[in-house]
Trainee: 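A single structure is presented below for examination.
Sequence lines set the chain letters: A, B, ... in the order given, protein chains first and strands last, and positions in each chain run from 1.
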Amino acid sequence: MNKITIETLYQEKKDELSLEIVTGKEFLRQRKITTYDIFRPGLALAGYTGIFLSDRILIIGETETVYIKTLAKEIKDKRITTVMRLGTPCIIVAKGLDIDKKFIEQAKRRKIPILRTSMSTTPFIHELSAYLDYKLAPTKYVQGTLVDIYGVGVLFVGKPGTGKSECAVDLVERGHRFVADDLVKIVKRGSILVGSGAEKSNRLRHYIEIRGVGIIDIFRIFGVKSVRLRKRIEVVVELVLWDEARGDFERIGIEKKIKEILDIKIPRVVIPLTPGKNVSVIAEVIAMNYLLELRGINPAKEYDIELKRVLSEKEISSVHYDEHIE
Amino acid sequence: MIKETVKILNENGLHALPASRFVKLAEKFKSSIMLTKDEIEVSGKSIMGILTLACEKGSKVILVCDGKDEKEAMEALKKILEGQD
């Protein structure tokens, strides 16, 4: 399971979410979040702790702040202590509100950081959840090459030396857009897969190694139109050496092969490599075929239907075309 | 299969030059060579893969060699990572 530290959350979002540290700067790094859900401690402060989700960020809004002011001091302190004993990775106070001293005292004791945002509670929760959902989404790294061909994200996989990088350069030359080579980071976003480069810096992106030439800069050579940062992955193209393919490739196209990545099924096409084969053109055809299929057009099926109709006719007439044409 | 955690001792980390030496050497072995850092695994025979890991000096990587010549591969490749070569 993915996790991020409160430190990461604070550093990456402090400006956008207008966050400031109230207490516990030294605990930011130790505290980790594993879920994008948040928790409002209203009921817990009212005395009900039958369900308490201690792995979630605790958000204190105006409701909680006003409510605890109505409590007698001993009750209030007792309930805050209970909430803090049950635990949370971090407390965030919304709307720039002041937080009860008991929270701060307990937070210091229990090493729980407290942050404050000037944003209103509901918009803050939406933005925070969206960010956490993005950061905590299931992620996988695969060895391959990702290119946007006619708007279709095609992920090339195959053993080293099957020509994935060379194919990417050829596709870029034909006007398609390069996303990542060698190491592709795949993030599951809802029911789709989004691929990007895994580089630690944006300025290290869009380089390709071509054996015999070295590292080349796709952005500088082919320009801004030739690259993109991320792309939904829609088709996997597997490049295999002819003798290793053992007939495991499609001849008609009625049965579809499927590749499962992070529990999402996407079409898989196996291309056996032979000398002189133009993989780029085949990849373009795969992308266009995929676009047709999205529109409900399946050439293999249509061919088969027409063939069956012809076969069912009692007399097959041998002339289908007007012989005067062509 | 042999697996070892290796500390990068190369001055300036694993930049282009040591990485290319690593890949060239790795390609000479029949064994599969995999390098893992921060839970990201790349092939030791791919230069961009290794560079993408951005292994700074002092960081730890897991080197896995699997095949007939795995022992020789591990010994030789470890030296590059440790900057002894």
Side-chain angles (χ1 to χ4, degrees), chain A residues 1-5 8 32 135-146 156-169 178-187 195-219 229 262, chain B residues 1 3 5 7-8 10 12-70 73 76-77 80-81:
Chain A
M1 186 188 252
N2 283 347
K3 56 189 170 209
I4 66 161
T5 61
T8 311
K32 293 180 179 76
K135 292 298 276 192
L136 298 170
T139 304
K140 193 181 173 176
Y141 292 87
V142 300
Q143 208 154 16
T145 302
L146 180 58
F156 294 91
V157 295
K159 284 187 178 164
T162 43
K164 301 185 292 288
S165 303
E166 288 78 0
C167 176
V169 177
F178 169 66
V179 185
D181 186 38
D182 239 9
L183 190 60
V184 180
K185 180 184 180 184
I186 303 176
V187 181
S196 66
E199 293 82 5
K200 301 262 160 77
S201 147
N202 274 340
R203 293 178 68 178
L204 289 174
R205 276 177 204 226
H206 302 131
Y207 288 88
I208 290 185
E209 185 229 0
I210 299 293
R211 277 187 182 76
V213 180
I215 296 172
I216 60 164
D217 183 343
I218 296 294
F219 181 83
L229 287 174
L262 295 168
Chain B
M1 188 196 83
K3 184 175 175 179
T5 303
K7 199 169 175 183
I8 308 288
N10 236 302
N12 302 323
L14 206 56
H15 57 96
L17 221 58
S20 80
R21 288 222 314 276
F22 184 94
V23 173
K24 270 189 202 159
L25 190 58
E27 278 187 328
K28 286 188 186 147
F29 295 103
K30 288 219 165 67
S31 298
S32 91
I33 316 281
M34 299 305 285
L35 212 56
T36 307
K37 186 189 172 234
D38 301 334
E39 289 166 39
I40 304 176
E41 189 183 48
V42 301
S43 164
K45 298 182 182 183
S46 134
I47 181 87
M48 289 314 286
I50 293 179
L51 291 175
T52 304
L53 289 183
C55 307
E56 71 276 17
K57 188 185 179 185
S59 61
K60 281 178 186 160
V61 296
I62 303 163
L63 180 60
V64 178
C65 304
D66 188 10
K68 276 182 186 164
D69 48 7
E70 57 189 33
L77 294 167
I80 296 185
L81 297 179

Trainee: How long is the gap from CG on A:Leu183 to CG on B:Leu51, to the nearest 0.5 Å?
Mentor: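 Going from CG on A:Leu183 over to CG on B:Leu51, the span is 11.5 Å.
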Trainee: Working to the nearest 0.5 angstrom, can you tell me the gap between A:Asp181 CG and B:Ser46 OG?
Mentor: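 The distance works out to 8.0 Å.
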Trainee: From B:Glu41 CD over to A:Lys140 NZ, what is the distance, rounded to the nearest 0.5 angstrom?
Mentor: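 Those atoms lie 11.0 Å apart.
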Trainee: Considering only heavy atoms, which portion of A:Tyr207 lies under 4.5 Å from any heavy atom of chain B: side chain, backbone, both, or neither?
Mentor: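 Interface part for A:Tyr207: both.
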Trainee: side-chain contact (heavy atoms from CB on, under 4.5 Å) for A:Glu209 and B:Val23? Distances and angles first, verdict last.
Mentor: CA-CA 12 Å; A:Glu209 185 229 0; B:Val23 173; over 6 Å; no
Trainee: What is the distance from atom NZ of A:Lys159 to atom OG of B:Ser32, rounded to the nearest 0.5 Å?
Mentor: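 Atom-to-atom, A:Lys159:NZ and B:Ser32:OG are 10.5 Å apart.
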Trainee: Hey, could you give me the OG1/NZ distance between B:Thr52 and A:Lys185, rounded to the nearest 0.5 Å?
Mentor: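 So the OG1 of B:Thr52 and the NZ of A:Lys185 are separated by 12.5 Å.
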Trainee: Checking heavy atoms, do the side chain of A:Arg205, its backbone, both or neither come under 4.5 Å from chain B?
Mentor: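 Looking at A:Arg205, nothing touches chain B.
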Trainee: Would you give the length of the straight line joining atom CE of B:Met48 to atom CD1 of A:Ile208, rounded to the nearest 0.5 angstrom?
Mentor: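 Here the interatomic distance stands at 8.5 Å.
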Trainee: Side chain, backbone, both or neither: which part of A:Gln143 has a non-hydrogen atom closer than 4.5 Å to chain B?
Mentor: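 Contact with chain B is through the side chain of A:Gln143 alone.
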Trainee: Please tabulate, one pair per line, all N/O donor-acceptor pairs under 3.5 Å involving side-chain atoms of residues 53-66 of chain B, not counting sequence neighbours.
Mentor:
residue : atom : partner : partner atom : Å
B:Glu56 : OE1  : B:Lys37 : NZ           : 3.1
B:Lys57 : NZ   : B:Glu11 : OE1          : 3.2
B:Ser59 : OG   : B:Glu56 : N            : 3.4
B:Ser59 : OG   : B:Glu56 : O            : 2.6

